[in-house]
Amino acid sequence: MVRVTTDGGETAGLYKAWRGGLALNRAAPAAVLLRLVEAGEHIPFGLGDRELDEQELREWVVHPAWEVRRELAMCWTLSAEARAPLFLDPVARHRFAFTTLAADFSTPLTDETFRLLAEDPAERVRAAVAAHRDLPVRDLVRLAVDPDPEVRRGVVRRAWPHLAAETRTALLADPDEKVREGAVLAHHTTVPVTAADLAAIADEDLRRKVVEECRLARELAEALVRDADRHVRRALAANTGLDLDLALLLGADQENSVRWAVSVRADLTEEQRARIEAEDVPGRTWSDPLPWVRALHDDPEAMRRCAASAHVELRRSVAWARTLPQDVADRLAADEHQAVREVLVERCDQAPGELLFERWRSGGTRSTAQLLYRSNFPREYGLRHLDHPDPKLRQLAAMDPAADAEQLERLSRDSDPRVREQVLRGRRLDLASVIRLIDDPDVSVRSAAVLDPRLPEPLLDTLLQAPATAWSAAMNPSLPEAAMHRLLNTIGRDA
């Protein structure tokens with residue numbers, strides 16, 4: 001039974017710790033989460049990611065607290081039908097937030113939800129749904145003539161194939177510059193751009209976009225190969241519809257950026273690609289992969305061909321794939337180019353354990369600490385680092401599944417708190433030693449000890465009453481539901 005014996009200020013601190021810990025407790029059942037929300041102070045962390053059944057999710061979606069509904073809007077398991085009530089919110093800024101999330105993550109929506117959002121009285125809501133990848137043709141056509149220019153901008157290019165001739169004509173003469181730009185680019189996906197068409201475009205940025213993205217008349221393309229502006233030639237080299245013979249002419253251009261743009265085209269053979277002398281473009285390690293390579297990420301044979309390319313940009317683009325055949329991942333792990341290896345470590349689930357270890361040890365990635373917890377990080381043989389002078393490597397000894405009780409006990413007394421914490425994370429340390437570490441001078445070590453699910457309930461009850469451990473004790477996944485409710489009852493009585 002919870003017994004609070006502190007003064008008023010400390011009691012308030014305990015109550016705050018209980019609420020915060022319970023909100024972060026991944027084992028807290030729906031009934032506890034609901035009471036936390038109703039208290040109005042803590043929205044449970046990752047609410048949309050909790051293991052709630054469909055009925056519980058449907059109830060939470062219509063919860064009166066906007067913050068709760070916002071959390072649920074990020075729940076990827078929520079069906080389109082169960083999600084639909086979110087978009088009936090009477091507050092426009094809430095509908096906008098839900099719609100923006102749905103568009104950003106291509107969240108499935110019902111046909112009726114799409115219709116309602118496309119007809120929403122708030123312009124920014126309509127503009128948000130206009131960005132949704134799966135917007136039905138019916139709504140694309142409707143929004144293409146929306147009175148708000150921001151909405152029209154969002155759909156003009158995707159809606160174009162489905163529009164009537166008179167609507168297309170109106171969009172080409174739209175009063176909004178960006179809408180006209182989108183209409184021009186859409187129009188010339190099928191109607192070749194002539195020299196006269198290009199000359200009529202005054203804006204230089206739009207001219208380059210037309211050169212890069214649109215279908216070009218052969219005569220115009222031949223002239224642009226010799227254009228004095230290197231930016232125009234660079235845009236032409238990136239045009240996927242450019243005839244191959246003209247692209248190869250640009251492969252001998254005096255400007256490296258033009259040659260490089262040709263060298264990464266999808267329509268080149270490896271022999272043609274290898275003949276183009278183009279230096280690597282610096283600073284591209286974390287830039288997006290080549291779109292045509294990314295589109296082939298699910299094709300194992302295509303990935304093998306691209307990974308064997310002499311061009312580093314193709315190999316780097318392969319390394320962006322979340323899943324690769326192991327032989328491809330192994331090949332890229334031995335790549336001579338650092339950018340390829342770095343991207344592979346960060347992005348690919350099949351990155352070999354040896355490479356993960358080397359990158360973790362050197363600290364050479366953007367998320368070094370997380371590499372330890374990747375499923376293929378090599379935990380075996382960690383014990384060879386048991387006496388290593390570097391505490392970072394002694395952590396590996398604590399993770400080795402072959403470590404025995406004596407070795408774990410020794411590591412739990414290590415001088416470095418990172419090692420002691422790592423031993424606790426493994427949940428294999430003797431319970432008596434776990435309890436000893438509850439009084440550790442390092443706060444992270446103490447927290448890891450208090451979170452151990454093997455702690456007995458009477459001890460957890462004591463820890464809940466101490467300001468230094470109350471938050472972590474409330475987070476402990478073995479805390480019984482009845483104890484969670486007792487904490488909330490105590491808070492409620494004193495509210």
Side-chain angles (χ1 to χ4, degrees), residues 106 238 240 244 251 259-385 392-393 395-396 399-402:
S106 300
T240 58
L244 181 59
R259 299 194 304 273
W260 187 90
V262 176
S263 72
V264 296
R265 289 176 62 95
D267 53 357
L268 268 60
T269 65
E270 277 304 303
E271 291 75 18
Q272 292 168 330
R273 204 182 307 281
R275 287 198 293 269
I276 298 173
E277 297 180 3
E279 298 176 5
D280 293 341
V281 176
R284 284 190 56 83
T285 299
W286 299 114
S287 58
D288 288 341
L290 296 170
W292 68 269
V293 176
R294 179 168 52 193
L296 296 171
H297 275 175
D298 292 331
D299 183 338
E301 289 309 313
M303 291 298 94
R304 289 188 174 94
R305 290 193 302 272
C306 292
S309 173
H311 201 299
V312 63
E313 189 64 13
L314 270 67
R315 304 195 307 273
R316 188 190 70 88
S317 296
V318 172
W320 272 85
R322 179 57 62 193
T323 300
L324 284 173
Q326 191 61 55
D327 62 298
V328 175
D330 291 344
R331 178 174 193 145
L332 296 177
D335 197 280
E336 63 180 4
H337 205 289
Q338 181 178 347
V340 175
R341 302 192 304 273
E342 286 190 5
V343 172
L344 186 75
V345 165
E346 290 280 340
R347 300 290 301 179
C348 183
D349 291 339
Q350 286 74 37
E354 295 78 6
L355 181 62
L356 294 181
F357 172 76
E358 289 303 324
R359 303 308 292 169
W360 172 79
R361 184 175 184 178
S362 66
T365 69
R366 295 186 299 172
S367 54
T368 300
Q370 297 304 312
L371 296 180
L372 271 178
Y373 307 106
R374 293 270 287 273
S375 61
N376 50 344
F377 190 92
R379 291 170 177 78
E380 301 81 4
Y381 316 120
L383 283 174
R384 62 188 172 187
H385 304 296
K392 185 174 182 178
L393 291 175
Q395 287 184 76
L396 299 183
M399 296 174 67
D400 194 321

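Nothing here was measured: the structure is a model prediction, and the numbers come from that model.
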Is the closest side-chain heavy-atom distance between [X] and [Y] below 4.5 Å?
| X | Y | answer |
| --- | --- | --- |
| Leu332 | Arg315 | yes |
| Arg316 | Ser287 | yes |
| Leu396 | Leu372 | yes |
| Val318 | Arg304 | no |
| Met399 | His385 | no |
| Pro378 | Trp360 | no |

Q.
Could you go through Leu344 and Asp335, starting from their C-alpha distance and side-chain angles, then the distance that decides it, and tell me whether this counts as side-chain contact (heavy atoms from CB on, under 4.5 Å)?
A. CA-CA 10 Å; Leu344 186 75; Asp335 197 280; over 6 Å; no

Q: Could you give me the CA-CA distance, side-chain angles and deciding distance for Glu342 and Trp286, then say whether side-chain contact (heavy atoms from CB on, under 4.5 Å) is met?
A: CA-CA 9 Å; Glu342 286 190 5; Trp286 299 114; 4.0 Å; yes

**Q.** Steps toward side-chain contact (heavy atoms from CB on, under 4.5 Å) verdict (Val262, Arg265)
**A.** CA-CA 5 Å; Val262 176; Arg265 289 176 62 95; 4.2 Å; yes

Kindly give the heavy-atom pair with the smallest separation between [X] and [Y], and that separation in Å.
| X | Y | result |
| --- | --- | --- |
| Ala261 | Val264 | O-CG2, 3.5 Å |
| Thr285 | Ala339 | OG1-CB, 3.5 Å |
| Leu314 | Trp292 | CD2-CH2, 3.8 Å |
| Arg374 | Cys348 | NH2-O, 2.8 Å |

Can you measure from [atom1] ([X]) to [atom2] ([Y]) and round to the nearest 0.5 angstrom?
| X | Y | atom1 | atom2 | result |
| --- | --- | --- | --- | --- |
| Leu268 | Leu244 | CG | CG | 6.0 Å |
| Leu296 | Glu301 | CG | CD | 12.0 Å |
| Phe357 | Leu371 | CZ | CG | 11.5 Å |
| Cys306 | His297 | SG | NE2 | 8.5 Å |

Q: Identify whether the distance between the nearest side-chain nitrogen and carboxylate oxygen of Arg273 and Glu270 falls below 4.0 Å.
A: yes

Q.
Tell me whether the count of non-hydrogen atoms from other residues, nucleotides or ligands lying under 6.0 Å of CD in Gln326 goes above 12.
A. yes

Q: Take Leu290 and His311, measure what side-chain contact (heavy atoms from CB on, under 4.5 Å) needs, and give me the verdict at the end.
A: CA-CA 12 Å; Leu290 296 170; His311 201 299; over 6 Å; no

(Q) Using a 3.5 Å distance criterion without hydrogens, assess whether the side chain of Asn376 forms a donor-acceptor pair with backbone atoms of Ala351. (A)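 A pair under 3.5 Å: yes.
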
